[in-house]
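Reminder, nothing fancy here: chain letters follow the sequence lines and each chain counts from 1.
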Amino acid sequence: MPELPEVETIRRTLELDLPGPRITSVSGRSIALRRPLDVNRLQPLLIGRQFLAPRRRGKFLLLDLEPPGSLLVHLGMTGRIQLVKASLPRRDHTHLVIHLNDGRQLRFVDPRRFGLVDWLDPGTEGRDPSLAKLGVEPLDPSLSRVLPPLLRSRRAPLKSLLLDQRLVAGIGNIYAAEALWRSGIHPRRSGNRTSLVRLRRLAEAVRSVLGEAIEKGGTTLRDFAGANGEMGFFAVQLSVYGRQGERCVNCGSTIRAEVIGGRTTAWCPRCQR
DNA sequence: CCAGTATCCTGCAGGC
DNA sequence: TGCCTGCAGGATACTG
């Protein structure tokens, strides 16, 4: 669910509100997330530090600190970040709480525990096993030059290739389906059986779909950050994802869905070839 | 190296 | 009402 646009919106929200106060303590429960969450290790590393403006890489958040060091955060499927008054009751599955000296807390909540929070020593992000493998940033202007030849070199379905974070970082199941619909390409089409012209169109669709979703997130930023400081997800207008059985907004055909590469994938049988 | 599948986890929807 | 099953999908380990 949290794909690049949602993570970017969270980043922008945190950028406004997180820098400043000092960390006074850390609490929570060490528990198995994607990587083991070790509260006892984080505690001495975080106390006394202040957050700077956060960064994003793919679907990862990098919460930079001063003195230098970073928290690496991934929201997985159900991860949420809350920046709230300490008095607000904790939701279930709150795994980590970072206490700030202005009476607020940064909380990491993740029922399904597919997310992660990990410490990065300054300058080591290039060696992090997850970050090091990430492909091109989809909003980078180089995307339409870099991505097409990569896709051309593979014979897997384009839908699966778009989800491969080593090729392009930040696309998930929702925006992969949307970008393929927008560029008129069938999700099962092999990368190496697609012309460079069409792949360039796909790269542009990826950029525009993600860019528009971020804009919408930006316009709802105030609501989105919420009265209770909860940073979750927003609903964007979707053309195919989750619309199987409904009519294509472009041609009126019935949207279909099948499992491709282990992921349910919706597409329009008429618009996408 | 590449492609495809299994795995982790909880909440929720649907069937009966 | 309650129980069961299956599905949702991030990244990654594993298999062929």
Novice: Rounded to the nearest angstrom, tell me the gap between atom CZ in A:F114 and atom P in B:dT7.
Specialist: 13 Å

Novice: Rounded to whole angstrom units, what separation is found between the CD1 atom of A:I174 and the P atom of C:dG10?
Specialist: 7 Å

Novice: Under the criterion salt bridge (Lys or Arg N to Asp or Glu O under 4.0 Å), I'd like the reasoning laid out for A:D64 against A:R55: C-alpha separation, chi angles, the key distance, then a yes or no.
Specialist: CA-CA 7 Å; A:D64 290 335; A:R55 290 176 294 145; 2.7 Å; yes

Novice: Any chance you could lay out the salt bridge (Lys or Arg N to Asp or Glu O under 4.0 Å) test for A:E137 and A:R57, step after step, and finish with the verdict?
Specialist: CA-CA 7 Å; A:E137 274 293 324; A:R57 179 77 175 95; 3.0 Å; yes

Novice: Which nucleotide in the set B:dC9, C:dA11, B:dG11 lies at the smallest distance from any side-chain heavy atom of A:H93?
Specialist: B:dG11

Novice: The side chain of A:P111 lies closest to which of these nucleotides: B:dC8, B:dA3, B:dT10?
Specialist: B:dT10

Novice: Which residue, A:P157 or A:R113, contacts DNA chain B at a nucleotide closer to its 5' end, judged by nearest heavy atom?
Specialist: A:P157

Novice: Can you measure A:L162 atom CG to C:dG10 atom P for me and round it to whole angstrom units?
Specialist: 13 Å

Novice: Measure the distance from CG on A:L33 to C1' on B:dT7 and round it to the nearest whole Å.
Specialist: 16 Å

Novice: Show the numbers, then the answer: is there a salt bridge (Lys or Arg N to Asp or Glu O under 4.0 Å) between A:D140 and A:R145?
Specialist: CA-CA 10 Å; A:D140 193 289; A:R145 176 172 47 83; 5.9 Å; no

Novice: Is the shortest side-chain N/O distance from A:R155 to OP1 or OP2 of B:dC2 below 4.0 Å?
Specialist: no

Novice: Measure from CG on A:L161 to C1' on B:dC2 and round the result to the nearest Å.
Specialist: 10 Å

Novice: Please give, in whole Å, the distance from C:dG10 C1' to A:E3 CD?
Specialist: 10 Å

Novice: Under 3.5 Å, is there a donor-acceptor pair between the A:S239 and A:R182 side chains?
Specialist: no

Novice: Mind calculating the distance between CG (A:L134) and C1' (C:dT12) to the nearest angstrom?
Specialist: 13 Å

Novice: Does CZ in A:R247 sit with more than 12 non-hydrogen atoms of other residues, nucleotides or ligands closer than 6.0 Å?
Specialist: no

Novice: With respect to the side chain of A:A156, which nucleotide from C:dA11, C:dA8, B:dA3 is positioned closest?
Specialist: B:dA3

Novice: Using atom types as modelled and distance alone, determine if a side-chain donor or acceptor of A:E3 lies under 3.5 Å from a backbone N or O of A:Y175.
Specialist: yes

Novice: Just checking A:T78: base, sugar-phosphate only, or nothing, at a heavy-atom cut-off of under 4.0 Å?
Specialist: nothing

Novice: Starting at the 5' end of DNA chain B and moving along, which residue's nearest nucleotide shows up first, A:S160 or A:R263?
Specialist: A:S160

Novice: What is the distance from CG of A:L158 to P of B:dC2, rounded to the nearest Å?
Specialist: 15 Å

Novice: Relative to each other, are the rings of A:F108 and A:H95 parallel, tilted or perpendicular (30° and 60° limits)?
Specialist: tilted

Novice: Angle between the end axes of the helix from B:dC2-C:dG16 to B:dC16-C:dG2, five pairs per end, to the nearest 10 degrees?
Specialist: 50°

Novice: Between A:G262 and A:P129, which has a closest nucleotide on DNA chain C that is more 5'?
Specialist: A:G262

